[in-house]
Every structure is written in structure tokens, then in C-alpha cells.
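Working notes, beginning with the structure itself.
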Amino acid sequence: MTNKLGNLVLDRWVEGDGDGNILASAVDGNAVARITSAGLDFGDILNHARTVGGTNLRKLTFHERGEMLKALAQYLMEHKRELYALSTQTGATRGDSWIDIDGGISTLFVASSKARREMPNDHVYLDGPFEPLSRNGTFIGQHIYTPKLGAAVHINAFNFPCWGMLEKLGPALIAGVPAIVKPASSTAYLTELMVRRIHASGILPDGALQLICGSTGDLFEHLNCQDTIAFTGSKGTAEFLQQHPRVVSQSVAFTAETDSLNSSILGPDAIPGTPEFDLYVQEVTREMTSKAGQKCTAIRRIIAPSGIAGELVKALAKLLGEIRIGNPANKDIDMGALASQGQRDEVRDRVDELSSQASVVYGGEEDFDVVDADASKGAFFMPTLLHCEKPLTSSAVHSVEAFGPVSTVLPYDTLDEAIELSRLGEGSLAGSIITNDNNVARELVLGTAAYHGRMVIINRHCAAESTGHGSPLPHLVHGGPGRAGGGEEMGGVRGVKHYMQRTALQGSPETLTAIGNQWLRGADQRDPGMHPFRKTFEQLEVGDTLHTDPRKVTLEDIEHFADFTGDTFYAHTDEEAAAKNPFFEGRVAHGYLIVSFAAGLFVDPDFGPVLANYGVDNLRFAQPVNYDDTLKVRLTCKQKTLRAGTGYGEVRWDTEVTNQDDEIVAQYDVLTMVATDEQWASVQ
Ligand code: NAP
């Protein structure tokens with residue numbers, strides 16, 4: 001008898017009760033596995049995530065969680081061969097599996113790298129600068145993010161069994177929130193195999209990941225306000241789950257990625273014979289056929305100038321005619337099967353619906369060549385192109401999603417019409433514009449961006465390196481308004497924040513410094529007992545402050561700096577011209593001279609643990625420095641970020657340059673790399 005898929009619950013693999021439902025191969029209809037989650041205790045699953053998984057993950061800093069994800073991604077890269085082998089059963093070609101498996105693993109690498117580069121090596125994430133709230137600066141505000149204390153429930157669609165899980169898992173784990181993954185049943189066997197490998201790696205702490213293959217039972221009854229649901233699937237299911245009484249009463253965060261009638265607009269300049277016309281034909285064909293069109297981001301609506309619609313249809317039909325359909329394990333195949341025969345029947349029905357308002361101009365046949373497979377047993381479907389003559393008054397082409405290799409040409413006469421057609425999709429995940437006219441690009445983006453989560457503009461200059469219309473990237477937001485679900489995932493650190501709570505803190509600068517581990521102006525300035533540049537990373541304390549001696553800026557200094565650097569801008573060299581400037585009374589010091597003098601005042605020249613200055617952030621010149629003014633500097637250790645395993649950490653110094661009247665003339669953060677104890681001891 002075919003194997004039952006395992007459920008990973010409470011860190012053990014368990015089978016559900018009963019025989020379960022048979023999952024059939026998309027290629028030959030044979031049984032691949034059986035699926036059931038009957039008998040699982042869903043309350044226990046949630047409780048385990050919260051108490052064991054969450055507790056374990058929250059012990060780690062953002063950087064440690066990032067390191068963990070990197071190790072996991074590396075491990076999965078070494079174990080992907082068997083995933084590729086099984087993936088063909090879902091109907092995926094090698095190229096499709098590459099998007100799902102390698103693409104999925106790469107989202108972990110990106111989540112890891114973003115966490116280590118853009119988040120602190122800490123447990124709390126500060127959201128923006130502090131807000132001054134009082135006259136004397138003793139009471140301030142600061143927004144922070146901390147992990148929610150619940151579980152991330154991930155309900156995924158069938159089309160990307162690996163990517164769909166990993167793109168959500170990365171941000172949740174970086175946030176410090178354990179995940180409970182429920183893959184779509186029809187392709188759950190591939191997700192299960194990947195979770196088995198993840199579990200076998202031993203890289204994630206106990207409770208960080210659980211897997212439910214089959215129904216979610218009464219899981220929703222146990223949700224609370226600390227849990228998060230990230231759903232991918234059809235709009236109908238999203239609406240049903242979003243209205244679950246527990247989701248409503250507990251205000252459970254719910255992100256939905258649903259149907260999307262994505263459009264691609266061909267600019268009026270992109271006539272046949274231009275590179276953009278050819279790019280468009282290739283892009284549409286690729287979007288229709290990759291993953292057999294089962295991509296939430298695929299181009300469903302081809303919005304093209306009416307004058308060239310006929311030629312476009314001809315060019316698309318020619319390229320679609322070259323697509324070889326068949327057994328995805330055969331490397332000569334361009335397009336495999338849909339995920340199941342049920343899915344194929346569903347797509348057929350949707351094409352029938354579309355046909356009431358558009359005519360099939362390519363494909364749509366039930367009898368077509370299938371290579372190396374039995375067409376009657378597999379879920380094969382011919383790429384099908386439709387043409388709608390009156391798209392502004394046809395509703396089906398803007399609302400019926402045939403989740404397969406199906407797309408419709410919608411002609412337009414003016415850019416306003418193209419914009420209106422795009423908007424008729426009522427909210428999309430992805431949109432694209434193919435034009436070499438930047439004015440057209442701007443007009444179309446301003447007209448349609450509010451209806452899109454992501455837009456890509458392609459022309460001859462970027463096409464070779466473009467990632468294409470349909471590829472969501474972990475660095476960029478994935479999600480869209482309206483029909484697309486109104487949700488948002490990924491987008492680097494933005495995606496991590498969905499699993500965290502933002503809290504506005506109010507208190508004294510000293511208290512908020514202690515909580516956020518970042519020195520805030522107004523907090524205590526500690527006497528470091530020695531020049532702070534003589535301290536190693538470990539010895540430095542947030543708040544360690546150096547007050548420098550004063551230095552006078554002379555006219556000769558300004559003239560020398562102008563000659564030496566070549567910056568002879570009139571404000572530094574021409575007394576009369578400078579005085580005419582509304583901001584100055586006469587010649588003033590260069591901003592960079594102020595910064596250079598400041599460095600001359602605060603550095604400790606001798607060989608020491610400070611290894612390098614790698615930049616400044618947030619540099620502002622608050623008011624002019626006239627010659628004969630006297631400058632001094634306050635330098636305070638603001639934030640420490642250990643770069644584990646490198647021998648150094650990054651230290652950010654809050655820097656304030658003031659004049660003889662104690663007025664601030666410049667403010668910025670100096671960024672340095674400082675050796676650890678071990679590294680410093682090894683080089684002395
Ligand atoms: P679906 O029927 O809505 O299923 C989506 C997921 O919800 C599956 O895991 C399904 O599990 C689960 N589910 C269904 N009913 C549930 C319930 N009562 N309680 C808990 N979970 C439940 O969608 P589909 O037909 O599989 O997927 C195709 C649709 O997904 C298309 O419309 C496509 O546009 C959309 N999609 C969107 C994106 C995106 O990122 N926006 C990506 C891919 C697909 P079972 O499989 O076990 O029923």
C-alpha cells in the first residue's frame with residue numbers, strides 16, 4: 001500500500017489515523033502517497049510551538065537566527081537531488097523545480113543575509129530614530145519590534161511546495177517565531193520530503209517547525225492574538241478562513257496571497273521590429289508556460305496596442321507552437337503537466353468561461369502531442385491564447401483566473417485605456433510594462449501602481465539581466481491589493497516585521513537606552529576611564545563618551561583646505577560672494593573640513609583595537625562655522641554589533657561637533673570596526 005505522509009508534530013514524525021486520501025502523480029496518475037492528519041491534537045501542536053519553539057528561538061539574537069538559516073540553506077543545497085527527483089511527480093520540469101527548490105532555498109540565504117546586515121545582533125529591533133517628547137529631553141519616545149509570542153501558521157498553495165514553504169519560513173524564524181506549515185494536499189509529498197531533510201539536519205531548535213499534512217482540524221479554534229496566519233491560495237478559501245470567529249475575536253494577524261489577474265502592458269513604441277516587441281513575445285510565452293502557467297504571478301492579461309494586436313497574436317502563436325509538452329523528467333520537454341487531473345479539469349472549465357467573451361486564437365485543443373507520457377493519464381494541458389475584442393466591456397477576462405498556461409490578449413487604443421484595463425483586474429501581485437519610452441513607463445506606473453504589489457519595467461537596456469515579470473524576489477515585497485488578497489510577504493526586513501509586534505515606548509533616554517541597547521541622546525555619558533579607541537570590542541560599553549579639547553578654525557585653515565582639496569567653492573574663498581548668500585555672513589569653513597578637524601580631535605593615533613573607519617551615517621551640518629570659531633567634539637559609543645567569527649565587531653559612535661557657544665554645528669554617526677579581545681591579543 002502507498003505510504004502515508006508523516007506529520008511533524010511535537011518534534012516527532014507521526015501518521016494520521018485512517019487510510020487518508022490518495023495523492024496521484026500529475027504525470028501518470030499513479031498513487032504517490034496517502035495523506036491524513038486525522039487524530040492529531042491541534043491544540044497541543046500550537047502549544048508546543050508557543051512554549052517550546054518560541055522559547056528556543058527567542059534565546060537567539062537576530063544574527064544567530066540568521067546564521068541558523070544560512071546553515072540550513074547550505075544543508076538543503078547538499079540534499080536537493082532527491083527533491084528534484086520527486087518534484088517531477090508534481091508535473092514540474094527541471095526548470096520549474098529549479099524555481100521551487102533552488103529558488104526556495106535561496107530565499108533562506110537572502111533572509112539570513114538581510115538579518116545579519118540590516119538587523120542588530122540583539123533581541124529587539126528599533127524602528128526609526130527616537131522622538132523628542134519633552135522640553136528638557138528627559139522624556140522621549142522610541143518604537144521597537146519584539147517577536148510575537150505565538151506561532152506562525154503557514155497555509156500554502158499547491159504550485160510551489162518548497163518555495164511556498166521556505167519564503168514564509170525564513171522571515172518567521174528570523175523574527176523568532178516558530179512555524180506550523182500546512183501544505184496544499186495535492187503536492188504535500190514534496191513539502192514533506194523537504195521537512196524530513198530539515199528535521200534530519202538538526203539545525204533548527206525543538207518546536208521551531210511543525211508540519212501538518214492534510215486538514216488543519218480544529219487548529220483555528222485554538223488561535224490567539226499572538227499567532228499569525230500567512231495564507232496562500234484561492235480568494236474563496238482566504239475569505240472563509242479570515243472570517244473564522246476565532247480569527248475575528250482574537251484579531252489574529254492574517255496575511256493573504258490569493259488570485260491575481262496579472263497584466264503586462266506593451267508600450268505603443270514597442271512595434272514589431274523593435275527589441276521590446278520581441279522581448280514581450282518571449283516574456284509572455286515564458287510566463288504562460290513556465291510551471292505550466294500555475295504561477296500566481298503569471299501574465300493572465302496581455303494588454304497591447306490595438307494596431308499591432310494581430311501581429312502579436314501571430315508571433316505568440318508561433319512561439320507557443322514550439323513548446324514541447326510531456327513527461328517533465330524528459331530533459332527535452334519545455335512544459336510539464338498541471339499539478340493534478342482535477343486541476344486540469346478546473347482550467348478547462350475556466351477557459352470555457354473566458355470563451356464567452358474572448359475567442360481562442362491558439363491552443364484549447366484536447367488532442368495534442370504529448371511526449372514520453374500517456375496524455376489520458378497525466379494532467380497535461382495545451383497552452384491556450386485568447387483574444388478579446390472588447391476588453392473594456394468584458395468582465396470575465398478581468399475576473400476569471402484559469403490557473404494554467406492560459407492568457408488573453410486585450411487591445412487598447414490610448415494609454416488611458418491601457419491603465420483602465422490594468423485596473424479592471426481589481427488588484428494584482430505583479431504587473432509589467434515593456435517599453436523603451438520612459439515617459440510612457442512613468443504614466444503607466446503612476447496610473448496603475450496603486451493596483452499592484454510589484455511592477456517590473458523591461459526594455460532593451462535591462463532585459464538581459466531582468467529577473468522577469470513572474471519572479472517574486474525575497475528582497476522585494478510579494479503581495480498585492482484587492483483580488484490579490486491585500487497581503488504582503490518577503491521584502492527583506494519588511495517581511496520579518498509581520499511576525500513581530502511594534503510597540504511605542506516612552507520613558508527616559510537612559511531607560512530606553514538600556515532596553516534597546518542603543519545610546520540615545522540625553523542618556524548618561526559614561527567616563528570610559530581611558531581613550532575609548534584603546535578599548536576592545538568587549539571592553540567598550542554603550543554610553544562610553546569622549547569629550548575632546550577645543551580647536552580654533554582660522555581663515556588660513558579654510559584657504560589651505562580649499563587649495564589642498566581643490567574645493568574652491570565661493571562660500572569658502574570669496575568673502576563678498578559668500579556674504580550675498582542668505583545663509584552666510586562671509587566665508588565659512590567647508591563641511592568636510594569640520595568633519596576632518598573633528599576626526600583630528602577625537603582619534604587616538606597609536607596602534608589600537610580600532611581597525612578601521614568604514615563610513616559615516618546621517619551626516620548633517622546644522623549651522624555654518626565661521627573662521628575664528630572654536631570647535632569641540634563629543635563622541636559616544638552608540639551601538640555595538642558583534643560580527644561573530646570574524647575577530648571584530650562594528651561600533652557606531654554618536655558624534656556631535658559644537659562651537660564656542662555650545663551650539664551644534666554637525667551631527668553624525670561614525671562607523672568603525674573594533675577588534676575583539678581574542679583578535680587584539682593575537683596581534684600584539
Ligand atoms: P485553495 O483551495 O484555496 O487551497 C489553498 C490552501 O488552503 C491549501 O493548503 C488548502 O489545503 C488550504 N485550505 C483549503 N481549505 C481550508 C480550510 N477550510 N482550512 C484550512 N486550510 C484550508 O487554493 P488552491 O486551489 O490550492 O490554489 C490555487 C489558487 O492559489 C489560485 O487561485 C492561485 O491564484 C492562488 N495562488 C496564489 C499565490 C500567491 O502568492 N498569491 C500563490 C500560489 C497560488 P488542501 O489542499 O488540503 O485543501
Side-chain angles (χ1 to χ4, degrees), residues 5 7 16 20-21 23 33-38 42 90 99-100 104 107 153-165 167-168 180-192 211-221 223 229-244 246-247 254-262 291-300 338-340 342-347 349-350 399-404 406 425 427-430 452-454 470-473 477-490 495:
L5 296 181
N7 296 282
N21 295 327
L23 303 180
R34 287 177 298 129
I35 184 166
T36 167
S37 63
F42 295 93
T90 70
I99 300 170
D100 190 32
T107 67
V153 177
H154 292 164
I155 301 178
N156 299 332
F158 65 81
N159 54 343
F160 287 110
C162 297
W163 182 90
M165 169 174 65
E167 59 106 357
K168 293 178 184 176
I180 298 170
V181 175
K182 184 257 178 287
S185 292
S186 58
T187 54
Y189 47 86
L190 187 55
T191 313
E192 192 240 27
L211 176 75
I212 299 169
C213 289
S215 157
T216 48
D218 68 350
L219 182 100
F220 273 56
E221 304 295 335
L223 294 172
I229 300 167
F231 171 86
T232 306
S234 61
K235 190 151 186 62
T237 311
E239 276 173 9
F240 172 74
L241 295 176
Q242 221 156 358
Q243 286 164 24
H244 190 283
R246 195 76 188 164
V247 172
F254 195 108
T255 298
E257 303 292 333
T258 57
D259 318 354
S260 192
L261 274 293
N262 311 291
K291 193 70 193 174
Q294 301 168 106
K295 280 197 319 190
C296 52
T297 49
I299 298 171
R300 304 283 174 217
L338 298 183
S340 66
Q343 196 55 32
R344 185 200 53 198
D345 297 344
E346 169 95 18
V347 174
D349 290 349
R350 296 290 88 78
S399 59
V400 174
E401 184 196 37
F403 203 60
V406 180
S428 297
L429 295 167
H452 289 89
R454 179 173 62 82
S471 309
L473 299 174
V477 159
H478 175 57
R483 190 190 303 281
E488 199 184 277
E489 293 166 352
M490 302 203 289

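Because the structure is a prediction, the values reported are computed rather than measured. Atoms within a ligand are numbered from 1 in the order they appear, just like the ligands themselves.
Residue Phe231 places a heavy atom less than 4.0 Å from ligand 1. Distances from ligand 1 to the non-hydrogen atoms of His478 include at least one value under 4.0 Å.
Closest of all the heavy-atom pairs between Gly453 and Pro481 is N-CD, 3.9 Å. The shortest heavy-atom contact between Pro183 and Ile212 is CD-O, 3.2 Å. For Ser37 against Ser215, the heavy-atom pair with the smallest separation is OG-O, 2.6 Å.
Ligand 1 has a nitrogen or oxygen under 3.5 angstrom from a nitrogen or oxygen of Thr237. In terms of N/O distances under 3.5 Å, ligand 1 is not approached by Ile155. Checked against a 3.5 angstrom limit, the closest N/O atoms of Thr258 and ligand 1 fall inside it. Looking at ligand 1, you won't find any N or O of Ser186 less than 3.5 Å from one of its N or O atoms. Any N or O atom pair closer than 3.5 Å counts here, and Ser260 shares no such pair with ligand 1. Geometrically, ligand 1 and Asn159 share no nitrogen or oxygen pair separated by less than 3.5 Å.
Screening Asn262, Val477, Thr297 for a side-chain contact (heavy atoms from CB on, under 4.5 Å) with Arg454, the sole residue that qualifies is Thr297. When each of His478, Lys168, Glu257 is paired with Thr232, the side chain to side chain donor-acceptor pair (under 3.5 Å) condition holds for Lys168 and for no other. When the options Asn156, Thr237, Val153 are evaluated for a side-chain contact (heavy atoms from CB on, under 4.5 Å) with Phe231, the one that passes is Thr237.
Of all protein heavy atoms, the one closest to atom 10 (C) of ligand 1 is Lys182 CE, 4.1 Å. The shortest contact between atom 6 (C) of ligand 1 and any protein heavy atom is with Asn156 O, 3.5 Å. Among all non-hydrogen protein atoms, the one lying nearest atom 46 (O) of ligand 1 is Ser185 N, 2.8 Å. For atom 33 (C) of ligand 1, the nearest non-hydrogen atom of the protein is Phe403 CE1, 3.3 Å. Glu401 OE1, 2.7 Å is the protein heavy atom nearest to atom 32 (O) of ligand 1. Looking only at protein heavy atoms, the nearest one to atom 17 (C) of ligand 1 is Leu241 CD2, 3.8 Å. The nearest protein atom to atom 23 (O) of ligand 1, hydrogens excluded, is given as Ser234 N, 3.3 Å; this is a heavy-atom distance. In this structure, the protein non-hydrogen atom closest to atom 18 (N) of ligand 1 is Phe240 CE2, 3.7 Å.
Taking a cut-off of under 4.0 Å to the non-hydrogen atoms of Ala184, the atoms of ligand 1 that pass are 8 (C), 9 (O), 46 (O). Contact atoms of ligand 1 toward Thr216: 19 (N), 20 (C) (distance under 4.0 Å to a heavy atom of the residue). Residue-ligand proximity, Ala157 to ligand 1, at heavy-atom distances under 4.0 Å covers atoms 43 (C), 44 (C). Ligand-side atoms of ligand 1 in range of Pro183: 9 (O), range being under 4.0 angstrom from any heavy atom. Against a heavy-atom cut-off of under 4.0 Å, Phe158 is close to the following atoms of ligand 1: 24 (P), 25 (O), 26 (O), 27 (O), 28 (C). With ligand atoms numbered from 1 in the order given, ligand 1 contributes 5 (C), 6 (C), 37 (C), 38 (C), 39 (C), 40 (O), 42 (C), 43 (C) to contacts under 4.0 Å with heavy atoms of Thr232. Taking every heavy atom of Leu429 and a limit of under 4.0 angstrom, the matching atoms of ligand 1 come to 39 (C), 41 (N).
Looking at heavy atoms from C-beta onward, Phe403 lies out of side-chain contact with Ser234 at the 4.5 angstrom threshold. At a threshold of 4.5 Å between non-hydrogen side-chain atoms, the residues Gln294 and Gln343 count as touching. At least one side-chain heavy atom of Asp100 sits under 4.5 Å from a side-chain heavy atom of Leu190.
When distances from atom 48 (O) of ligand 1 to the protein are checked, no heavy atom turns up under 4.0 Å.
Taken from CD1 in Ile229 to CZ in Phe254, the straight-line distance is 5.0 Å, to the nearest 0.5 Å.
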Inset, instruction - Check the pair Lys291 / Asn159 against side-chain hydrogen bond (donor to acceptor under 3.5 Å, both in side chains), numbers first and verdict last. - result: CA-CA 8 Å; Lys291 193 70 193 174; Asn159 54 343; over 6 Å; no

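Judged purely by atom type and a 3.5 angstrom limit, Arg246 has no side-chain atom pairing as donor or acceptor with the backbone of Phe220. No donor-acceptor pair closer than 3.5 Å links the side chain of Asp259 to the backbone N or O of Val400.
Considering Cys296, Gly233, Gly217 only, the shortest heavy-atom separation from atom 35 (C) of ligand 1 involves Gly233.
Remark: Glu221 pairs with His244 by the side chain to side chain donor-acceptor pair (under 3.5 Å) rule, at least two apart or across chains. Not counting sequence neighbours, the partners of Arg483 by the salt bridge (Lys or Arg N to Asp or Glu O under 4.0 Å) test are Glu426.
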